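Have a look at the structure below, then the notes.
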Protein chains: 2
Amino acid sequence: MQSSQNDADAVSPAQAEPIDDLPTSDRPSAAMPAQSQPTHEQPADTAPADPNHVVTLADVARATGFSQMTVSNALRDRPKVSEANRRKIKEIAQRMGYQANAAATMLRNRRSGIIQIVIDDFEVPFHASLAKYLAQEATARGYQVAVRQSERSGSAEMRVLKTERGLIYDGVILDAPNITEAQVLAHAHGRPAFVIGDCADFSAVDSMDTACAPGAAAAAEHLWERGCREFYVLGAPEHWPADAATTNATNTTNHMDFGPRRFAAIVDALARHGACIDDDHRIPCDWTLEGGHDAATRLATRLRATHTINAADGMATADDSNSIRHSNTGSESAAVWATDVPVGVLCLTDTVALGALRAFAEHGVRVPDDVRVIGFDGLAIDAYAVPSLSTVAMDVPAMAATVVARLVAAIETQPASAPPAGAMHETIPYRLVARESSR
Amino acid sequence: MQSSQNDADAVSPAQAEPIDDLPTSDRPSAAMPAQSQPTHEQPADTAPADPNHVVTLADVARATGFSQMTVSNALRDRPKVSEANRRKIKEIAQRMGYQANAAATMLRNRRSGIIQIVIDDFEVPFHASLAKYLAQEATARGYQVAVRQSERSGSAEMRVLKTERGLIYDGVILDAPNITEAQVLAHAHGRPAFVIGDCADFSAVDSMDTACAPGAAAAAEHLWERGCREFYVLGAPEHWPADAATTNATNTTNHMDFGPRRFAAIVDALARHGACIDDDHRIPCDWTLEGGHDAATRLATRLRATHTINAADGMATADDSNSIRHSNTGSESAAVWATDVPVGVLCLTDTVALGALRAFAEHGVRVPDDVRVIGFDGLAIDAYAVPSLSTVAMDVPAMAATVVARLVAAIETQPASAPPAGAMHETIPYRLVARESSR
DNA sequence: ATGAAAGCGCTAACAA
DNA sequence: TTGTTAGCGCTTTCAT
């Protein structure tokens with residue numbers, strides 16, 4: 001992919017930071033007694049020459065006696081400078097603490113070497129994980145990454161991703177469900193963009209989908225195989241079937257984002273077995289721990305009624321300062337369904353599932369004896385939950401690698417007027433991981 | 001704080017994006033039948049006028065018949081343009097899809113309105129949470145945020161934060177323990193910087209500390225009050241006392257980062273009660289789920305021997321595909337220490353604690369009956385763990401607010417040659433949250 | 001191998 | 001109220 005690596009006109013971001021490899025300015029040489037650290041740049045009370053003046057290329061040129069161009073070439077390891085001078089120049093520039101002004105460089109090169117990543121919320125583990133691997137991939141390819149939260153303006157309505165002074169970035173990766181193609185284009189503003197989310201209907205923007213349908217179907221199959229014959233879906237869409245027009249125009253859920261797709265796949269998969277997810281078995285909730293906890297609490301109450309479970313007292317609630325004692329959950333014979341068949345609980349996201357596990361524990365509903373639970377995402381913490389959480393795990397690193405590869409390719413082809421050729425939509429691999437919560 | 005809001009020379013980033021508030025270009029008006037979406041910018045086969053040419057201020061000037069300056073002033077809502085013309089210009093600019101070239105703007109203004117945040121790892125919940133609130137705070141103050149992973153080069157040695165083409169940012173927030181002041185200065189490169197971490201010895205860089213010492217002491221006190229008389233510390237420093245010089249020069253732990261500080265405070269607090277944390281009770285491990293799990297597994301084994309615990313079979317390991325059945329953990333009388341006194345387990349981070357809870361469950365060690373566990377950080381998931389996790393919770397939003405306030409102040413004073421006045425070091429509030437794991 | 005000139009797109013300062 | 005000039009710091013021609 002590094003085809004235009006030659007000294008042609010293309011500015012490869014990889015070779016744009018040669019001086020950064022040198023030790024930092026206040027570390028005179030390599031080895032030195034680590035004891036005394038006279039590190040301060042300016043002793044805080046004297047104003048040596050110029051208070052806060054940043055050294056520019058011109059300064060270095062003046063100091064070395066060379067022209068700006070020679071200095072520039074030397075610093076960037078261009079072949080047309082004599083070895084001796086190159087070394088000398090680098091030396092001096094380094095000592096002066098010179099660092100290229102990125103704004104100027106970008107203005108000239110029309111390239112920043114920075115990819116922007118927009119995610120909905122740093123705190124949502126799945127997105128955080130994705131950001132991590134995207135960043136690593138980008139770094140490996142010589143790009144830097146700037147991650148930003150989408151800051152969808154609070155309430156459901158004004159959910160437009162505020163476009164900003166972001167024209168600095170060479171490309172954009174939007175990890176945000178609930179986004180329209182128009183919004184993406186507005187944000188990208190001509191630069192290559194890539195969306196992570198369900199965008200099968202996008203015609204001009206490449207995207208990658210999280211295997212919602214097959215993954216969710218696999219989860220349903222799994223619980224079926226594990227003997228469940230009655231199923232609940234936690235975190236399901238508020239309205240179903242998705243009567244897009246009927247509901248509020250500024251709805252929380254977009255036309256076809258993760259939730260509906262996963263839910264639809266589950267319904268289909270179970271229907272094939274003759275099982276039905278009616279409105280009573282579709283439990284909407286926020287895709288948060290709290291959401292999952294609340295939903296499962298409601299479910300536990302209902303199950304207790306329906307299934308005449310003679311549960312022991314559970315734990316107290318998850319709220320900060322209330323709960324007191326460990327539960328008697330385990331006391332063998334206490335909590336068993338009237339029927340011997342465990343209930344299947346499909347959570348559309350691991351976060352919901354983790355909240356649900358807690359609620360079940362509080363209410364004396366045993367997992368997996370009474371209910372079998374499976375989530376969706378594959379968070380690291382799943383394996384450490386008690387009981388450990390079965391899940392449809394996404395291969396996030398693979399996902400990240402593909403996305404960055406695509407985007408970088410687009411960035412580096414862009415000037416050559418590549419044929420748009422219609423949008424590409426890929427699906428990332430998933431893996432069903434069966435753990436204690438479903439067996 | 002918006003003092004220089006006037007039309008003075010200062011470029012307030014808040015007022016630098018007026019055109020962004022308008023609807024996006026390909027959304028002609030507000031309402032429109034949501035059915036047909038002819039959204040495509042270029043039908044993918046025609047090359048209208050100029051393939052990928054971004055409209056510049058000059059283009060708009062030409063199109064409107066005004067000078068660049070008038071257009072510029074109009075677009076930025078400067079007072080010296082007639083209302084009529086302003087509207088007209090904005091209109092046209094908007095329709096042309098004009099968006100200011102950020103690189104040029106930055107080059108001119110010497111201001112980007114972007115704050116850089118560097119964190120160690122997006123996937124570590126505490127840091128992710130911090131990033132989230134920092135971003136929100138910055139946004140509220142009219143700045144944007146670009147978050148980046150520090151990418152410390154893998155192994156212990158070359159742990160220098162790679163300095164990069166980052167001179168675009170107005171200020172830097174480094175959320176990274178294990179950093180030297182020299183590294184910070186090298187990265188900041190003249191711009192205001194703020195470090196989150198333990199930097200009491202920094203002389204030129206402001207910093208904020210996470211109340212390591214008092215928080216850890218409070219945790220110890222809490223477990224003491226809860227009746228514990230024997231204590232283990234999970235995630236403790238590898239070497240203690242911190243014989244800095246003796247150990248490998250390029251050690252994993254820096255002189256005095258979170259770990260040692262928290263550990264020292266615990267030792268002190270317990271010493272006041274006459275309890276002692278010797279080498280046997282100091283259990284080092286990675287600050288990860290796995291680390292906590294492994295450490296607690298070792299501890300469980302040891303306790304079983306020491307305390308002649310007649311434990312029932314626990315669950316299987318946390319590893320993906322092994323464990324099979326729910327444990328008999330709860331069966332009332334099975335697992336009780338020979339002595340009636342519960343063991344205190346202090347985890348230096350919640351992540352470690354969560355891993356430990358899992359390990360204890362696997363090994364039939366009952367929490368809080370046999371051991372009482374407390375963590376450090378205050379992650380959202382703590383309340384949903386089974387059992388819910390006691391912790392020393394940091395007030396992350398407060399932390400973020402203070403940090404951003406400080407940094408923004410520094411940014412907006414910078415040119416006025418503010419007196420460095422020595423570095424400031426603050427400590428953020430903490431709160432001890434007692435949950436099931438310790439009572 | 002080195003240097004001089006020009007300009008990337010924008011805006012502060014000064015005319016008009 | 002509007003336009004003209006100059007220059008932020010860098011790098012790509014095009015001389016030398």
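Please read these numbers as outputs of a predicted model, since none were measured by experiment. Below, chain A is the first sequence line, B the second, and so on; all start at residue 1.
Proximity of R78(B) to the phosphate of dA12(C): a side-chain N or O atom is located under 4.0 Å from OP1 or OP2. A close approach under 4.0 Å does not occur between any side-chain nitrogen or oxygen of T105(A) and OP1 or OP2 of dG9(D). Of the side-chain N and O atoms in S67(A), none sit less than 4.0 angstrom from OP1 or OP2 of dT2(C). The shortest distance between the side-chain N/O atoms of N85(B) and the OP1/OP2 oxygens of dT2(D) is below 4.0 Å. Of the side-chain N and O atoms in R86(B), none sit less than 4.0 angstrom from OP1 or OP2 of dT1(D). Remark: S72(B) is in phosphate contact with dT11(C), judged by side-chain N or O atoms under 4.0 Å from OP1 or OP2. Between R110(A) and dT12(D) there is no side-chain N or O to OP1 or OP2 distance below 4.0 Å.
When the options V408(B), L407(B), I114(B), V404(B) are evaluated for a side chain to side chain contact (heavy atoms under 4.5 Å, CB included) with Y143(B), the one that passes is V408(B).
Side chains of R86(A) and S82(A): no donor on one and acceptor on the other come within 3.5 Å.
Atoms CG (N101(B)) and P (dC10(D)) sit 17 Å apart, rounded to a whole Å. The CD-C1' distance, from Q99(A) to dC10(D), rounds to 14 Å in whole Å. The nearest whole Å value for the distance from the CG atom in N109(B) to the P atom in dC8(D) is 14 Å. The distance between atom CE of M106(A) and atom P of dC8(D), rounded to the nearest whole Å, is 19 Å. Nucleotide dT11(D) holds its C1' atom 15 Å from the CZ atom of R111(A), rounded to whole Å. In this structure, the CG atom of D59(B) is 11 Å from the P atom of dC8(C), given to the nearest Å. In this structure, N73(A) atom CG and dA4(C) atom P are separated by 14 Å, rounded to whole Å. In this structure, the CD atom of Q68(B) is 14 Å from the C1' atom of dA12(C), given to the nearest Å.
Nearest-nucleotide mapping onto DNA chain D: of T70(B) and L107(B), the residue sitting toward the 5' end is T70(B).
Under 4.0 Å is where a charged nitrogen must lie from a carboxylate oxygen, and between K90(A) and D77(A) at least one such pair does. Salt-bridge annotation for E91(A) and R87(A): absent, with no side-chain N of the basic residue lying under 4.0 Å from a carboxylate O of the acidic one.
Taking the side chain of Y98(B) as heavy atoms from C-beta on, and the options dC10(C), dA1(C), dT11(D), the nearest nucleotide is dC10(C). Here dG7(D) is the nucleotide among dG7(D), dG9(D), dA1(C) with the atom lying nearest to any side-chain atom of R108(B). For K80(B), counting side-chain heavy atoms from C-beta on, the closest listed nucleotide (dT2(C), dT4(D), dT2(D)) is dT2(D).
Residue S72(A) holds its OG atom at 7.5 Å from CZ of R78(A), rounded to the nearest 0.5 Å.
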